[in-house]
There are 2 protein chains.
Amino acid sequence: MDFLTEIIGTDTKAIHKKFKKKEIIQKQGVVSKNAFYVKKGLIRSYSIDEKGKEHIFMFGAEDWIIADLESNVFNKPTELCIETIEDSEIVIFTIDDFNYAESSKEKLQKNSKLLARRIGSLQRRVIQLMSSSAKERYQIFLETYPLLPNRVPQKMIASYLGITPEALSKIRGES
Amino acid sequence: MDFLTEIIGTDTKAIHKKFKKKEIIQKQGVVSKNAFYVKKGLIRSYSIDEKGKEHIFMFGAEDWIIADLESNVFNKPTELCIETIEDSEIVIFTIDDFNYAESSKEKLQKNSKLLARRIGSLQRRVIQLMSSSAKERYQIFLETYPLLPNRVPQKMIASYLGITPEALSKIRGES
DNA sequence: TGCATTTCTTAATCTAGATTAATGGAGATG
DNA sequence: CATCTCCATTAATCTAGATTAAGAAATGCA
């Protein structure tokens with residue numbers, strides 16, 4: 001049984017869909033019950049601030065699930081826009097599949113673990129943003145996601161780190 | 001039925017305990033299965049970086065639950081130190097009570113919702129840290145937690161915002 | 001109550017990273 | 001193939017917020 005089946009089971013209405021590079025999978029501002037499992041390819045979620053600037057919240061490569069969970073669970077409009085970086089195969093399923101169907105207790109507990117892990121990684125990211133310099137954050141990024149830098153353009157890495165492409169270029173030049 | 005009972009049920013080994021101001025409830029670096037429900041008072045969780053600087057991760061006033069969830073679920077040493085700001089009454093319970101006991105499916109789903117909400121607030125915090133100035137973050141903090149500023153010393157608010165007390169003092173002077 | 005310690009504020013300097021601008025590639029598109 | 005647009009880099013300036021320092025206010029403690 002693969003990872004996806006393990007999570008959402010088999011008897012769901014999940015949709016498999018192919019996207020080209022730079023296609024928007026989900027716009028921000030809509031109320032969405034969708035979650036996106038990356039079967040193949042690479043996607044990103046990002047928010048756009050009042051000044052029109054993009055801030056990448058996270059990347060999703062193979063086997064990752066990307067979703068604006070709060071929007072899902074509490075019917076809030078999404079704050080995140082989701083878009084492909086490479087040609088990708090995405091499995092779109094609803095949060096009901098993930099959590100509120102006739103899931104077994106075992107599955108619910110497994111899902112809770114996934115949520116706890118995500119909370120952990122967000123917690124580390126917040127602490128990192130508060131306590132580390134751009135250079136340190138870049139190095140942590142390289143260690144944490146060693147395969148991404150080859151697939152993601154510099155300017156998106158900069159956006160993920162919360163700095164400008166110029167600043168990242170400088171940092172890279174130094175080391 | 002109060003909020004706590006609703007979450008952890010009644011038949012648990014939860015411990016009620018009183019703490020004085022500035023007492024450490026949990027040290028960082030230990031593997032802990034504990035979560036802390038604030039019945040009365042005010043606590044904070046924070047990490048200490050290599051330079052010995054404290055960074056407040058979150059505050060917990062009445063009815064909040066504070067825990068290093070990833071440590072709980074995955075047996076990692078905690079990254080967070082938890083300490084009282086005021087004299088407090090804390091209910092200490094284990095993550096097993098929260099999630100892995102003979103919980104009903106209903107309860108597990110409710111817990112998932114709590115986790116999703118926490119993910120949402122962390123997500124907003126990350127985006128905020130990347131896209132807003134210190135002044136904007138302070139204003140958002142005031143709007144989001146209107147009651148805290150009266151109870152929390154300035155330097156801790158600064159630490160939560162990721163700036164120095166001097167910078168916060170300047171911001172406050174301006175507006 | 002009085003002294004000591006911590007907290008808050010103000011001001012002077014310093015610096016990481018933003019902004020602006022200009023250049024040379026690299027892909028896309030006709 | 002030539003042109004166009006986007007991307008990465010470098011350099012010059014600018015600025016938010018850090019650091020340092022010192023005084024004032026608040027708080028704790030004997």
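Worth knowing before you read on, the calculation uses all heavy atoms, side chains too, and leaves out hydrogens, waters and symmetry mates. Lettering follows sequence order; numbering is per chain, from 1.
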Nearest-angstrom distance from the residue atom [atom1] of [X] to [atom2] of [N]:
X	N	atom1	atom2	answer
B:K22	D:dC29	NZ	P	8 Å
B:E174	C:dA11	CD	P	12 Å
A:Q154	C:dG25	CD	C1'	14 Å
A:K51	C:dT19	NZ	P	8 Å
A:M130	D:dG17	CE	P	15 Å
B:I171	D:dA18	CD1	P	8 Å
B:R172	C:dC8	CZ	P	8 Å

Just to verify, what does A:K76 make a salt bridge (charged side-chain N to carboxylate O under 4.0 Å, His left out) with, not counting sequence neighbours?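 Counting only residues at least two positions away or on another chain, A:K76 forms a salt bridge (charged side-chain N to carboxylate O under 4.0 Å, His left out) with A:E70.
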
Using atom names, set out every protein N or O paired with an N or O of nucleotides 26-29 of chain C below 3.5 Å, distance rounded to 0.1 Å.
none

Does any N or O in the side chain of [X] come within less than 3.5 Å of the main-chain N or O of [Y], such that one atom is a donor and the other an acceptor?
X	Y	result
B:D68	B:E79	yes
A:Q109	A:E106	no
B:T78	B:V31	no

Pairs of donor and acceptor atoms involving the side chains of residues 51-67 of chain B, under 3.5 Å and at least two apart or interchain, shall be tabulated with distances.
| unit_1 | atom_1 | unit_2 | atom_2 | d |
| --- | --- | --- | --- | --- |
| B:E54 | OE1 | B:R44 | NH1 | 3.0 |
| B:H55 | NE2 | B:D49 | OD2 | 2.7 |
| B:E62 | OE1 | B:R151 | NH1 | 3.2 |
| B:E62 | OE1 | B:R151 | NH2 | 3.4 |
| B:E62 | OE2 | B:G41 | N | 2.9 |
| B:E62 | OE2 | B:R151 | NH2 | 3.4 |
| B:D63 | OD1 | B:Y37 | OH | 2.3 |

With a 3.5 Å cut-off and no angle check, do the side chains of B:Q26 and B:S32 form a donor-acceptor pair?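 There is such a pair (donor and acceptor under 3.5 Å, judged by atom type) between the side chains of B:Q26 and B:S32.
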
Taking only residues at least two apart or on different chains, which pairs with a member in residues 109-141 of chain B satisfy ring pair (Phe, Tyr, Trp, His ring centres under 6.0 Å)?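 Sorted result for residues 109-141 of chain B: B:F141-B:Y145, B:F141-B:Y160.
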
Using a cut-off of strictly less than 4.0 Å between a heavy atom of the residue and any atom of DNA chain C, enumerate the qualifying residues of residues 155-169 of chain A by number.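 Residues of residues 155-169 of chain A that come under 4.0 Å of DNA chain C are, in numerical order, A:G162, A:I163, A:T164, A:E166, A:A167.
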
Side chain of A:K170 only, please: which of C:dC8, D:dT9, C:dG17 is the nearest?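 Closest nucleotide to the A:K170 side chain: C:dG17.
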
Taking OP1 and OP2 of C:dT19, is either one under 4.0 Å from a side-chain nitrogen or oxygen of A:K53?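 A:K53 to C:dT19 OP1/OP2: side-chain N or O found under 4.0 Å.
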
Quick one: salt bridge (charged side-chain N to carboxylate O under 4.0 Å, His left out) pairs with a partner in residues 26-42 of chain A, sequence neighbours left out?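 Residue pairs with at least one partner in residues 26-42 of chain A: there are none.
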
Quick one: do B:E89 and B:K17 make a salt bridge, cutoff under 4.0 Å?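 The answer is no: the pair does not qualify as a salt bridge.
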
